2 protein chains.
Amino acid sequence: MARPREFDEADALDRAMQVFWTKGYEGTGISDLLEAMQIGRGSLYKAFGDKKGLFLAALKQYEKNCIEPGLQFLNDRNIPDGAQRIQMLLETVVAVVESDNDRRGCFLCNTAVDQAPHDPEISKTCQDMMGKMVQGFYGALKDTTRHKNLGEEALQKKAMGLNIAYNGLRIMVKAGYAPEDVRKTINTILAEFDLLT
Amino acid sequence: MARPREFDEADALDRAMQVFWTKGYEGTGISDLLEAMQIGRGSLYKAFGDKKGLFLAALKQYEKNCIEPGLQFLNDRNIPDGAQRIQMLLETVVAVVESDNDRRGCFLCNTAVDQAPHDPEISKTCQDMMGKMVQGFYGALKDTTRHKNLGEEALQKKAMGLNIAYNGLRIMVKAGYAPEDVRKTINTILAEFDLLT
DNA sequence: AGTATTAGGAACTGATCAGTCCAAAACACA
DNA sequence: TGTGTTTTGGACTGATCAGTTCCTAATACT
């Protein structure tokens, strides 16, 4: 018995995510969001509370749209060798630069760098999401012949190491390095972590 | 034949660097800078041009104050084993958290993430500075018994790999991870890169 | 002392910031 | 066709943004 919402919330959230991802939290104005989301001011504040609320919702949307598929890929037994899965995931980092000239990096990493230190709620969300990434690497590592005999703790540590390497690669891209340099570094990482196929 | 400057430029730059480092470019207002630098608006604009000019100068100051000493340390033969120098450098990343609860991370990494993609001049500066970091790791690697027999290219690649691991560790700190987790990851990195002493 | 030149600082610019308010609009139900 | 409830979007708020202007202060040189 009320007026129904005229916009699709998930759709609007996707657009908001893209804006925050591209311009960062501080770099994004409410007007940028309104334009991208194609909704009015009142609707935004009624649906998401305030800027930070919308940002957190967008971050969760990133988890659903980008992190979760990554995890599924890292645990996808259709590619039997986990090392190959890891290699393919790392190569997406450079692929998006080459195909779309997309240097926005990882929205999660970006947020960890520029917002997590200033807000405990965002900090906690970042740690949770990074924890999931680590578990993704862990799952892939368990499916490698070379490491399946390692203990659980050793695998966890290696997974954490891979995750910070992944984050570092994302920074390298944002700093502006050429795709071939990034690719070379990916190979180095794979070699050092004993993941060359 | 003119009025002399009343403030010390390097000193003011140090303070500006601290503010930008702590709050980021977008998060920093001119008023924040004026308060920290203890100078007036006119002086700031006369001496540094505009906000971006001041930021670039502060970034250079970071290079001089923080990057260069790091490079010297990585190449300091008073510690004969390069692997130990690398270990000690990585441990400073967690040490600043434990002693000062300083989670500002690396000003260079922060800038690469949130400003480099939006400004070619900053992008270039970031790449230059990261290149220096890589050369620092390279110098240390050359002083390790285990790797001195590696070819130059292999050493360069390993140095680049260490640099992105370093960047990843910085992100981990900013995300809010506990010092013991970071320390554990440092050990993992050292192990994977065959740098355990 | 007088003059040229630069530094300093406060008042001011228009633009933009996040957020609020409110009247009109659109629906469900009676 | 009312009536109650919620959405909508534009007008508006005061605060802050980066940057300019202009007058005074402080020096060096003649």
Side-chain angles (χ1 to χ4, degrees), chain A residues 1-59 61 110-111 114-116 118-122, chain B residues 1-59 61 110-111 114-116 118-122:
Chain A
M1 41 149 110
R3 179 174 176 176
R5 188 159 281 169
E6 287 181 7
F7 65 95
D8 181 66
E9 191 167 315
D11 198 64
L13 215 40
D14 282 340
R15 298 166 189 266
M17 179 191 81
Q18 296 293 341
V19 179
F20 277 129
W21 190 355
T22 304
K23 312 181 72 166
Y25 182 80
E26 305 271 13
T28 299
I30 299 288
S31 352
D32 299 321
L33 294 163
L34 298 180
E35 191 184 1
M37 299 167 83
Q38 295 277 33
I39 63 175
R41 253 183 152 70
S43 309
L44 188 150
Y45 279 92
K46 198 146 285 186
F48 302 103
D50 57 5
K51 190 185 179 186
K52 189 190 147 188
L54 176 55
F55 183 80
L56 275 168
L59 193 55
Q61 191 76 352
N110 300 353
T111 301
D114 60 41
Q115 286 307 307
H118 303 102
D119 187 294
E121 200 174 354
I122 294 179
Chain B
M1 41 149 110
R3 179 175 175 176
R5 189 158 281 168
E6 286 181 7
F7 65 94
D8 181 66
E9 191 167 314
D11 198 63
L13 216 40
D14 282 340
R15 297 165 189 266
M17 180 191 81
Q18 296 293 341
V19 180
F20 278 129
W21 190 356
T22 305
K23 312 181 74 166
Y25 182 80
E26 305 271 12
T28 299
I30 298 289
S31 351
D32 299 321
L33 294 162
L34 298 180
E35 191 184 359
M37 298 167 81
Q38 296 276 35
I39 63 176
R41 253 184 153 70
S43 310
L44 188 150
Y45 280 93
K46 200 149 288 185
F48 301 104
D50 58 5
K51 191 186 178 185
K52 189 191 147 188
L54 176 56
F55 183 80
L56 275 168
L59 194 55
Q61 192 76 350
N110 300 353
T111 301
D114 60 41
Q115 287 307 307
H118 303 103
D119 187 293
E121 199 174 354
I122 293 178

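Each chain gets a letter, A, B and so on, in the order its sequence line appears, and its residues count up from 1. These figures come from a predicted structure and were not determined experimentally. Atoms considered below: every heavy atom in the structure, side chains included; atoms not considered: hydrogens, waters and symmetry mates.
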Between protein and nucleotides 9-14 of chain C, what N or O pairs are separated by less than 3.5 Å?
| from | atom 1 | to | atom 2 | distance (Å) |
| --- | --- | --- | --- | --- |
| C:dG9 | OP2 | B:Gly40 | N | 3.2 |
| C:dG9 | N7 | B:Gly42 | N | 3.4 |

What is the distance, rounded to the nearest whole Å, between atom [atom1] of [X] and atom [atom2] of [N]?
X       : N      : atom1 : atom2 : answer
A:Arg5  : D:dT8  : CZ    : P     : 6 Å
B:Leu33 : D:dC17 : CG    : P     : 10 Å
B:Leu44 : C:dT6  : CG    : P     : 19 Å
A:Phe7  : C:dA26 : CZ    : P     : 17 Å
B:Phe48 : C:dG8  : CZ    : P     : 10 Å
A:Leu34 : C:dG19 : CG    : C1'   : 11 Å

Qualifying residues under side chain to side chain donor-acceptor pair (under 3.5 Å), relative to [X], sequence neighbours excluded:
X       : result
B:Thr22 : B:Arg104
A:Asp50 : none
A:Lys52 : A:Asp119, A:Glu121

**OP:** State which residues pass ring-ring contact (aromatic ring centres under 6.0 Å, His included) with B:Phe55; sequence neighbours excluded, sorted by chain then number.
**Re:** B:Phe20, B:Tyr25, B:Phe107
Subject >> Sorted by number, the residues of residues 49-59 of chain A with heavy-atom contact under 4.0 Å to DNA chain D >> reply: none
Subject >> Of residues 14-30 of chain A, the positions that come close to DNA chain D - non-hydrogen atoms, cut-off under 4.0 Å >> reply: none
Subject >> All side-chain contact (heavy atoms from CB on, under 4.5 Å) counterparts of A:Asp114, not counting sequence neighbours >> reply: B:Asp114
Extract all donor-acceptor atom pairs below 3.5 Å that involve side chains of residues 26-42 of chain B and protein atoms in other chains or at least two apart in sequence.
| from | atom 1 | to | atom 2 | distance (Å) |
| --- | --- | --- | --- | --- |
| B:Thr28 | OG1 | B:Gly24 | O | 2.6 |
| B:Asp32 | OD2 | B:Lys23 | NZ | 3.4 |
| B:Asp32 | OD2 | B:Gly29 | N | 2.8 |

Just list the side-chain donor-acceptor pairs under 3.5 Å for residues 4-11 of chain A, sequence neighbours left out, or say none.
| from | atom 1 | to | atom 2 | distance (Å) |
| --- | --- | --- | --- | --- |
| A:Arg5 | NH1 | A:Glu9 | OE1 | 2.7 |
| A:Glu6 | OE2 | A:Arg3 | NH2 | 2.6 |
| A:Asp8 | OD2 | A:Asp11 | N | 2.9 |
| A:Asp11 | OD2 | A:Arg15 | NE | 3.2 |
| A:Asp11 | OD2 | A:Arg15 | NH2 | 3.3 |

**OP:** Give a yes/no on whether any side-chain N or O of A:Ser31 is located under 4.0 angstrom from OP1 or OP2 of C:dT16.
**Re:** no
Original post:
What is the distance from atom NZ of A:Lys51 to atom CG of A:Leu44, rounded to the nearest 0.5 Å?
Top reply: 11.0 Å
Which pairs, protein N/O on one side and nucleotides 27-30 of chain C N/O on the other, fall under 3.5 Å?
| from | atom 1 | to | atom 2 | distance (Å) |
| --- | --- | --- | --- | --- |
| C:dA28 | O4' | A:Met1 | N | 3.1 |

**OP:** Could you pull out the closest heavy-atom pair between B:Ala58 and B:Ala16, with the gap in Å?
**Re:** CB-C, 4.5 Å
